[in-house]
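Numbers here are sequence positions counted from 1. Excluded from the calculations below are hydrogen atoms, water molecules and symmetry mates; all remaining heavy atoms, backbone and side chain alike, are included.
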Amino acid sequence: LRQQPIAAATSASSHQSEEQDALRRRLEEEVSTLRQHLSSKNEALRYVEGELMGMKSLFEGKEAALRAQMDAEAQGHARATADLRSEVERLRERSWEQDRAVAAAQRTVQDREDQLASLVQERQALAQTLREMQGALKLSRAEAKRFQEALDRVNSALRGSAAP
């Protein structure tokens, strides 16, 4: 009788040991499966990380190229703007010089117009004086003619009185 409980206990203990071994094997298999699953996910993450790093490098390269291009364009625009400012300043200076030349030419024209007006007035005054002198000369001629006639009469009279 005593041996029966020991055999039953041994049998139960053996059965329990088998169950624990089976449970341990299942757990080890699950752990192995989980490790393989984690390993494949880790590989996928490394692949994605590598792709992302490559894309980052590519984008950084493109960004640097775009920045360089934009800087070059900005410098070109800055040079063009400076050139345009210089041209505007040159044209302003030229315009100022032309304005001075135009003003000088206008003064010269005004001086010439004033001289012409003065000459026209002088000519009108001389023409008036000439008309007056011509009128006076006509009077003088008429007077001279009258004097001549009077002188001729006197001479005639003198000759006539001198004749016997």
Rounded to the nearest 0.5 Å, the CD atom of Glu51 sits from the CZ atom of Arg46 at a distance of 15.5 Å
- Task: Measure the shortest side-chain to side-chain distance between Lys62 and Leu58 over non-hydrogen atoms and say whether it is less than 4.5 angstrom.
- Result: yes
If we count only N and O atoms by modelled type, under 3.5 Å, do the side chains of Gln148 and Asp152 hold a donor and an acceptor together? yes
Margin query: Any non-hydrogen side-chain atom of Leu52 less than 4.5 Å from a side-chain atom of Lys56?
Written below: no
Go through the steps to decide whether Glu43 and Tyr47 satisfy the test side chain to side chain contact (heavy atoms under 4.5 Å, CB included), and finish with yes or no.
CA-CA 6 Å; Glu43 284 182 39; Tyr47 173 78; over 6 Å; no
Notebook entry, point to check: Do Gln128 and Gln124 come close enough that some side-chain heavy atom pair is under 4.5 Å?
Noted result: no
Separation between CD (Gln36) and NZ (Lys41), nearest 0.5 Å, reads 14.0 Å
| Backbone N/O of Met53 and side chain of Ser57: donor-acceptor pair under 3.5 Å | no
**Message:** Keeping Ser32 on the side-chain end and Glu28 on the backbone end, is there a donor-acceptor pair under 3.5 Å?
**Reply:** no
Here the gap from Leu151 atom CG to Glu149 atom CD, rounded to the nearest 0.5 Å, amounts to 11.0 Å
Side-chain touch Trp96/Arg100, heavy atoms, less than 4.5 angstrom | yes
With Val109 as partner, the option from Glu113, Arg112, Gln106 fulfilling side chain to side chain contact (heavy atoms under 4.5 Å, CB included) is Glu113
Contacts satisfying salt bridge (Lys or Arg N to Asp or Glu O under 4.0 Å) that involve residues 79-99 (not counting sequence neighbours) are Glu87-Arg90, Glu89-Arg92
task = Would you check if the side chain of Ser39 reaches a backbone N or O of Arg35 as a donor-acceptor pair within less than 3.5 Å?
result = no
*Short question: side chain of Ser118, backbone of Asp114 - any donor-acceptor pair under 3.5 Å?*
no
- In sequence, state the C-alpha distance, the side-chain angles, and the governing distance for Asp21 and Arg25, and then conclude on side chain to side chain contact (heavy atoms under 4.5 Å, CB included). CA-CA 6 Å; Asp21 285 344; Arg25 278 192 300 271; 3.7 Å; yes
Separation between CD (Gln115) and CD (Gln110), nearest 0.5 Å, reads 11.0 Å
